[in-house]
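Note that ligands are numbered from 1 as they come in the structure, with each ligand's atoms numbered from 1 the same way.
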Amino acid sequence: MRLRLRWFSHAEDRLEAWLTQRHQERVLEGGSTPAGPCPDEAFLKDLARKSKQIALSDPRVNHAANCPTCMKRLLALRPAYQSRRRRLVLTAAAVCCCLIIVTFVVLARRGAETPHQVANVAAIPQTVDLWNAGTLRNGQPIPLQSVTLPAALVKVTIILPRYSEPGQYAVAVTRDQTGNDLLAQSSATATGDGNREEISVDLDLRKSKPGPYFLSTTHEQDQASYYYPLQIR
Ligand SMILES: [Zn+2]
């Protein structure tokens, strides 16, 4: 439908252009009799640039359309205005392009800022006390009170079980106690007085669904992992 309309309008334009050309040829050959005197140059210039101030009922329009002298002048003036209009169109297009580019740059910057802002989301402080937790190494955890953490960005301070060694620890949240299906991981150096050690890590649990998981701690030197039942709520 749209194509057909465009085709019609294109055909109409061509017909109009053809009729205009025939009329111009007839006028230029002196085949018409203009009424009244020739209008001044300013009027012809206005007419050439299709000024909206000119009323088509103005007798000078009728004269210019039928006078070979005025017609010649109009035909000479038209290209200048057309190229000027083309320049204006090109300038407008360039301005549009610049605006689009600026918009993209602003949006890209805003997009780049977003993760930064997300990173600034305050982590919820949580304390996990494993002081009295007795576990079997790399094996079945001895039943102990389940640790509960929210499905959020958490800053967990873990009080390590008694007799824990100082040093670097890796902390992970996994689906099972073999270390598979890792949800979050972080590492930190234990701080303590040699008696009671604790580590503080950020864990991003925002994408975790509530349910049972495991929290593991792995000492960097002996590489032994301890798993504790974890409940994400
Ligand atoms: Zn004239």
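T189 and Q168 share a side-chain donor-acceptor pair at under 3.5 Å. If you check the side chains of R162 and N195, you find no donor sitting under 3.5 Å from an acceptor.
Crowding of R14 atom CZ: a count of heavy atoms from other residues, nucleotides or ligands under 6.0 Å not exceeding 12.
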* **Test side chain to side chain contact (heavy atoms under 4.5 Å, CB included) applied to S225 and T217, step by step** => CA-CA 6 Å; S225 298; T217 61; over 6 Å; no
* D46 vs R49, salt bridge (Lys or Arg N to Asp or Glu O under 4.0 Å): CA-CA, chis, key distance, verdict -> CA-CA 5 Å; D46 278 352; R49 65 159 184 243; 2.9 Å; yes
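V102 belongs to a hydrophobic cluster with V106, counting contacts under 4.5 Å between side-chain heavy atoms of Ile, Leu, Val, Met, Phe, Trp and Tyr, direct or through other members.
Around the Zn ion (ligand 1), the protein N, O or S atoms closer than 2.8 Å are C38 SG, H63 NE2, C67 SG, C70 SG, listed by chain and residue number.
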